[in-house]
Amino acid sequence: MSNRMWGGRFADGPDAIMEEINASIDYDRKLYRQDIAGSKAHVRMLATRHIVTADDADKIVQGLDTILSEIENGTFTFSRALEDIHMNVEARLAELIGPAAGRLHTGRSRNDQVATDFRLWVRDTLDTLDGQLGDLMQVLAEKAERHAGDVMPGFTHLQSAQPVTFGHHLLAYVEMFARDRGRVRDARSRLNESPLGAAALAGTSFPIDRKMTAAELGFDQPMANSLDAVSDRDFVVEALAAASLIAMHLSRLAEEIVIWCSAQFAFVKLSDKFSTGSSIMPQKKNPDAAELVRAKTGRIYGALQGLLVVMKGLPLAYSKDMQEDKEQAFDGLSSTSLALAAMTGMMRDLEPVAKTMKKAAGSGYSTATDLADWLVRVPGLPFRDAHHVTGKIVGLAVEKGIDLHRVSLSDMQAVEPKITNDIYSVLSVDKSVRSRTSYGGTSPVNVRKQARRWKKELAKATR
Ligand code: ARG
């Protein structure tokens, strides 16, 4: 049997393999809500412009509402023979209301229809991600304020570098997620134009009102070029690019959680709710949620790459290639949402172990820079000389197998006679972090101020 929607010139139905490769209903059924909202907006506009009668429009709207509830309560039968969500809905509409259903598609094509549906879906998803980023930032800012004075080792090359505070470390992630939020909002604002009414590619001869449908669907305005309207998928690429950066940031934090909760570090305690045990090793508590957040990055980057490759070199306007825009994007964006939720839960429950972190912060000669800075500040050595002197003292400590603050005054003075007892006042990790008061530095005063600034900012954003 040939297709009811477009089969006029077809004598034969499709090969089974054709149906297999052509049908998108298994995944684009996700767009049902957007598809029905778009159709309702379209037919109301058609009635206002006297392109269909008010009576037919009412029947169509009622029929669409029935379909919506059928899908939501699971009684709707999706058919692969009907290819996609658009034709599944329209065919059911015909069953429900008869020939008037055939008037819905006036002045419209599946090309502008799918572009509209997908934009609406991506817009909702971006709004969800925006809220989730806000929640995660809130959790991090609150934790940062609480642990503004807890010292931990700061690393470069994953080697002990200088002491920092746990709060400062968490606020670094707040900055990253704030940039992510900016990208999400930016993508949303560019996305928010309506393709509906571009029809197949050239516009339509019917006196439609594209501004009306745009407004009804919450778009800022109709897209100005019909070819662009049906062929553009930048909005999905931008959403996936923003998601990729979110995933990158999440994976870095996840990696740190994995390191921090290992027995060798023991910087943090992960709650039972976000860990698993081992079926053979009873002592184990594994950070599975963090590992999975780290790993989700693969499919999110994959979705971005996948779509960039699908779109590359496509001539204007619509090509069926573009049906391949959805499956990976759905997966990539919902994985991002899931990863954000898991990270927020993990971070809410995670408790730093201040004692271990502080002890680790003091090892590895992490206050050597403070010693050098003292030599510059007090006896007035040039920084390069101070660096050299400090290097010698560190060498001495290494040789003796002791920490920096355990090197005796006479040993230090043998290297540099200008050193006095006051030097010991800068060699503690607490003193070290307290002295880092430059703007953006790790001093607890700074951290507390920044944490409060973020909390205020976030309270504003949710209002
Ligand atoms: N299922 C199609 C898609 O997702 C809808 C558009 C089909 N348009 C067409 N001209 N065949 O792209």
Side-chain angles (χ1 to χ4, degrees), residues 2-10 12-15 17-39 41-42 64 67 71 76 78-93 102 104-125 191 194-204 213 217 223 226-237 239-240 303 306-334:
S2 69
N3 189 293
R4 238 188 306 172
M5 303 287 165
W6 45 251
R9 59 161 293 187
F10 284 68
D12 237 344
D15 190 275
I17 292 297
M18 176 55 188
E19 194 173 294
E20 176 83 24
I21 195 171
N22 196 36
S24 53
I25 189 62
D26 291 344
Y27 48 88
D28 69 16
R29 62 170 70 183
K30 237 190 168 69
L31 298 174
Y32 74 90
R33 220 177 303 119
Q34 291 78 8
D35 194 70
I36 289 172
S39 288
H42 182 67
L64 289 169
I67 293 171
I71 296 177
F76 189 93
F78 290 100
S79 150
R80 274 191 143 193
L82 290 164
E83 281 184 44
D84 56 26
I85 185 63
H86 325 295
M87 296 206 290
N88 268 269
V89 169
E90 201 183 317
R92 177 66 182 141
L93 189 65
L104 168 61
H105 214 51
T106 316
R108 179 179 86 167
S109 147
R110 273 191 295 156
N111 296 350
D112 59 336
Q113 193 178 353
V114 73
T116 304
D117 293 2
F118 203 19
R119 263 176 205 263
L120 291 172
W121 187 89
V122 172
R123 190 176 73 185
D124 284 350
T125 305
L191 162 155
S194 173
L196 192 57
L201 76 164
T204 173
T213 47
L217 295 169
M223 293 178 78
S226 60
L227 290 168
D228 179 46
V230 296
S231 78
D232 171 48
R233 292 295 181 273
D234 293 3
F235 63 98
V236 197
V237 175
L240 288 170
L307 183 57
L308 284 169
V309 174
V310 166
M311 295 307 294
K312 179 198 168 288
L314 281 188
L316 300 187
Y318 177 85
S319 299
K320 195 62 174 260
D321 307 54
M322 287 159 67
Q323 177 165 287
E324 287 290 319
D325 61 353
K326 282 180 271 306
E327 215 173 350
Q328 289 193 72
F330 286 149
D331 181 76
L333 293 173
S334 49

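Counting starts at 1 for both ligands and their atoms, in listed order. From a predicted model like this one, the values you see are computed outputs, not experimental measurements.
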Asker: Any idea which protein heavy atom is nearest atom 11 (N) of ligand 1, and the distance to it?
Answerer: Arg110 NH2, 3.5 Å

Asker: Can any side-chain N or O of Asp84 pair as donor or acceptor with the backbone N or O of Met87 at less than 3.5 Å?
Answerer: yes

Asker: When you measure from atom 5 (C) of ligand 1 to every protein heavy atom, which one gives the shortest distance, and what is it?
Answerer: Asp84 OD2, 3.5 Å

Asker: Donor-acceptor pair, distance only, cut-off 3.5 Å: does the side chain of His42 make one with the backbone of Gly197?
Answerer: no

Asker: For Ser24, counting its heavy atoms only, list the atoms of ligand 1 lying under 4.0 Å from any of them.
Answerer: 1 (N)

Asker: Specify the protein heavy atom at minimum distance from atom 2 (C) of ligand 1: its residue, its atom name, and the distance to 0.1 Å.
Answerer: Gln323 OE1, 3.2 Å

Asker: Do any heavy atoms of Lys326 fall under 4.0 Å from ligand 1?
Answerer: yes

Asker: For atom 8 (N) of ligand 1, what is the closest protein heavy atom, and at what distance to 0.1 Å?
Answerer: Asn111 OD1, 2.9 Å

Asker: With the side chain counted from C-beta on, respond yes when Arg92 and Phe78 share a heavy-atom pair under 4.5 Å apart, and no when they do not.
Answerer: no

Asker: Quick check: do Met322 and Val236 have side-chain heavy atoms less than 4.5 Å from each other?
Answerer: no

Asker: Hey, does His86 come in under 3.5 Å of ligand 1, counting only N/O atoms on both sides?
Answerer: no

Asker: To the nearest 0.5 Å, what is the distance between CG (Leu307) and CD (Glu324)?
Answerer: 10.5 Å

Asker: Can you tell if the side chain of Lys320 reaches within under 4.5 Å of the side chain of Asn22, non-hydrogen atoms only?
Answerer: yes

Asker: To the nearest 0.1 Å, how far is atom 12 (O) of ligand 1 from its closest protein heavy atom, and which atom is that?
Answerer: Tyr318 OH, 2.4 Å

